[in-house]
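Worksheet: one structure, shown below.
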Amino acid sequence: MIDVRTGLGWDNHRILEGRPLILGGVSIPCEFGLDGHSDADILLHALTDALLGALALGDIGMHFPDTDPRWKGASSDQFLRHAAALVKDLGYTISNVDTTVILQRPKLKDYRLPIQENIARILGLPAGRVGVKFKTAEKVGPVGEGKSGEAQAIATLWKPSA
Ligand code: C5P
Ligand code: MG
């Protein structure tokens, strides 16, 4: 028998002129970025929450409070690495992850492969087990009006059941 678990993650940050735009650990050339205490990488934050959710271990803010000066400007790959280490410690293997970034602009499709490869490297997975998708918000709502960006993630874990 196999013990299979699924976790869901979502994140949303405001857009701010002059901030770096970092998605999936990859720097995207753009005149704006996402505001936040850490590097505001919505994609890695959503993915971290998906892994924590699958383990029922709370959320990213519980593990890395945004009031803690240690995480100011922090590179978000350490949040994802922490969640991936918990997955391993509890005996689970990541089967696959899938993600969507919702940002009106810039066009992100040219960055799909570097983002996919970077997430795969952090999680120790083949790139073929990491889905990376992009959507506009059709110019509607805060994302569509360029006020914010969102990311969604889902992760499936498994381990042999006792
Ligand atoms: O949102 P919409 O369905 O119009 O997006 C069409 C395609 O544009 C997506 O499938 C995606 O590949 C690409 N896209 C992108 N960068 C964005 C939003 C969408 O490359 N910021
Ligand atoms: Mg966040």
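Here the structure is a predicted model, which is why all the values come from computation and not from measurement. Just so you know, residue 1 is the first one in the sequence shown, and it goes up from there. For ligands, and for the atoms within them, numbers begin at 1 and follow the listed sequence. All heavy atoms count here, side chains included; hydrogens, waters and symmetry mates do not.
Salt bridge absent: R19 and E31 never bring a charged side-chain N and a carboxylate O closer than 4.0 Å.
Alongside V143, the hydrophobic cluster contains I102 (criterion: ILVMFWY side chains under 4.5 Å). Grouping Ile, Leu, Val, Met, Phe, Trp and Tyr residues whose side-chain heavy atoms lie under 4.5 Å apart, directly or via other members, leaves V140 alone, with no other cluster members.
Residues meeting the salt bridge (charged side-chain N to carboxylate O under 4.0 Å, His left out) test with D98, sequence neighbours left out: K133.
Looking at S148 and H13, their side chains never bring a donor and an acceptor atom within 3.5 Å of each other.
At most 12 heavy atoms of other shown residues, nucleotides or ligands fall within 6.0 angstrom of atom CZ in R14.
For ligand 1, the protein residues placed under 4.0 Å by at least one non-hydrogen atom are L103, P106, K107, L108, K109, R112, F134, K135, T136, E138.
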